[in-house]
Amino acid sequence: MKSTLTLSSALVICAACVVGPDLAPPDVSTPETFQTTVELAPETSDADWWIGFSDPTLDTLIVDALDNNFQLVAADANLRRTIALLRASESDLLPTLDAFVDTQLSAQFDDNDTDSSASGSTGLAFGFDPDLAGRNKRRIQAAEATMQAAAFQVDDVRRIVAESVALEYVELKQASVRLELLESSLELQDRTLEIVRARFDAGLSPSLDVDRAASDLARTRAQRGRLIADQRDALFALSVLTGRIPSAVLFDEDGPVAIPQLSSTPLVGLPRDILRRRPDLRVAEANFLVELALIGVEEADLYPSIQIPGRLTGRAISSGNPAESLTASLSAVIDLPIFDAGRRRAELEAQRARADSAAANYQSAVLAALVEVESVLARIEALQSQLADLSEAVERSQSAYEQLDALYREGLAGFIDVLDAQRNLISSRESVVDTQADIASATIRLYASLGLSAAPASIESVQN
């Protein structure tokens, strides 16, 4: 009894042992602040940031995408898979119990008689792994980290889907505003062509002026097809993002067409904040923890292991003299690694190398995220300055065109000057629209690069 208690105590103590490194994320250094600072409006909520556009159509599109996007469906399914595998791994810490039934029939023939018998056995098979070196515990830790990576992957897909819908919507609105501006430009150029033709008919202008005005009108009109194609491309992309068959009709545009602008922008915060905010970085961190836990799994192979199988069997024989018996057995199988030509240690080194690779991938992802934020901030700063200059250019171009148009009607200015002023006005207007769209897109990318996204679904909701 004393020996049995000593052995049991030793097994309990050894079962608490876990070999391998402690699980901790790799150390990364981040700057104290971002290099670029821009003037931003007060921040909006981290979740559902697109509400700041004050565009009900965009709200509906993003909500539909977060409910129906097939990439999100696949990510949710992958999360459910990892949850199930974690449960399977946790079961390795518990004993197993199986039932079995075994039946045999036999017959013996001779000249006078036939002797037959039937035998059968039924019982229970028991098994238990004390997990002396913590191999199963490390596998569970790896499964937990894998599940966390899958959960953060769901959050990251939500972030990317919301960003993609918003960007495509800005592309759609940009094409729509450009089409509206195109019609205004065509009216302006058509009116100019009528004036030139009237002056030509009166002998006041050469036919060259008519050809120049007609050429500019045709060149502007040629942009309509490309803008319509851009509009349809954005609609098709939005269809796919929202889980629909590509369609050019998703919604009815009501009211004036305009580039959506956020009424509020995110609080940029400090560089270290994105380590917790960005789900893609959390995925990379969890993947590193998976590889770290698997080092313990490989290292456990260097230590002895033990299996404790047991069996309870009931046996019955049906013949001339029936008999029954009941037997029970409990044993222990100890595996002592002695010689394997270095295989176990080589596999351990290979796993350590995989962990080093995962750590490098995580650090690389952090650097890429920091650069992404810096680049977007620098772009917003440049675009804000560009928009101010372009707005002034439109005002000046409008004034110059109106003056030259009046002078041309009086025969005091050349037509080429009128055309140049007209081209500058149209080009400046188009540049303002494009810059407004670029600012909206850059602000959307800022939200995404900071890791701000729709409120993630909990693991419990995915399980249900």
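What you see is a predicted model; the values in this text were computed from it and never measured.
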**Q** Assess the side chains of Ser357 and Tyr362: does a donor N or O sit below 3.5 Å from an acceptor N or O?
**A** no
**Q** State, yes or no, whether a side-chain contact exists between Phe34 and Leu370 at a heavy-atom distance under 4.5 Å.
**A** yes
**Q** Does the distance from a Lys or Arg side-chain N to an Asp or Glu carboxylate O, for Arg178 and Glu183, drop under 4.0 Å?
**A** no
**Q** Considering non-hydrogen atoms only, spot the tightest contact between Tyr303 and Ala133 and give its length.
**A** CB-CB, 3.9 Å
**Q** Heavy-atom distance under 4.5 Å between the side chains of Ile306 and Asp335, does that happen here?
**A** no
**Q** Provide the closest heavy-atom pair for Ala143 versus Ser89 in the form atom of the first, atom of the second, distance.
**A** CB-OG, 3.8 Å
**Q** Please identify which of these residues, Gln422, Arg221, Gln189, Arg423, meets the side chain to side chain donor-acceptor pair (under 3.5 Å) condition with Asp216.
**A** Arg423
**Q** Kindly check if the number of other-residue, nucleotide or ligand heavy atoms within 6.0 Å of CG (Asp27) is above 12?
**A** no
**Q** Using side-chain heavy atoms (C-beta onward) and a distance below 4.5 Å, is Arg139 in contact with Glu90?
**A** no
**Q** Under 3.5 Å, is there a donor-acceptor pair linking the side chains of Ser399 and Gln403?
**A** yes
**Q** Side chains of Ile295 and Leu292: closer than 4.5 Å at any heavy-atom pair?
**A** yes
**Q** From Gln71 CD over to Leu241 CG, what is the distance, rounded to the nearest 0.5 angstrom?
**A** 8.0 Å
**Q** Of all residues at least two apart in sequence or in a different chain, which pass the side-chain contact (heavy atoms from CB on, under 4.5 Å) check with Leu93?
**A** Asp131, Asn136, Lys137, Ile140
**Q** Nearest 0.5 Å, what's the CZ-CD distance between Phe288 and Gln363?
**A** 8.5 Å
**Q** Closest heavy-atom contact between Leu294 and Ala142?
**A** CD2-CB, 3.9 Å
**Q** So, for Ile245 and Ser239, which heavy atoms are closest and what is the spacing to 0.1 Å?
**A** O-CB, 3.7 Å
**Q** Measure the CZ-OG distance between Arg429 and Ser185 for me, rounded to the nearest 0.5 Å.
**A** 6.0 Å
**Q** Please list all pairs meeting salt bridge (charged side-chain N to carboxylate O under 4.0 Å, His left out) that have one or both residues in residues 392-405, counting only residues at least two apart or in different chains.
**A** Glu392-Arg396, Asp405-Arg409
**Q** Within a 6.0 Å radius of atom CZ on Arg226, are there more than 12 heavy atoms belonging to other residues, nucleotides or ligands?
**A** yes
**Q** Using distance alone, with no hydrogens and no angle criterion, decide if Glu291 and Gln351 have a side-chain donor and acceptor under 3.5 Å apart.
**A** yes
**Q** Evaluate whether atom CG of Leu94 has more than 12 neighbouring non-hydrogen atoms of other residues, nucleotides or ligands under 6.0 angstrom away.
**A** yes
**Q** Checking Arg282 against Gln148: is there a side-chain donor and acceptor pair closer than 3.5 Å?
**A** no
**Q** Can you sort out the partners of Phe415 under ring pair (Phe, Tyr, Trp, His ring centres under 6.0 Å), two or more places apart, ordered by chain and number?
**A** Tyr408
**Q** Can a side-chain donor-acceptor contact be found between Tyr401 and Asn424 if the only test is distance below 3.5 angstrom?
**A** no
**Q** Test Gln174 against Asp434 for side chain to side chain donor-acceptor pair (under 3.5 Å), laying out the working first.
**A** CA-CA 7 Å; Gln174 180 182 7; Asp434 292 342; 2.8 Å; yes
**Q** First locate atom CG of Leu58, then atom CH2 of Trp50, and finally report the distance between them rounded to the nearest 0.5 Å.
**A** 8.5 Å
**Q** Is it the case that over 12 heavy atoms from other parts of the model lie below 6.0 angstrom from the CZ atom of Arg344?
**A** yes
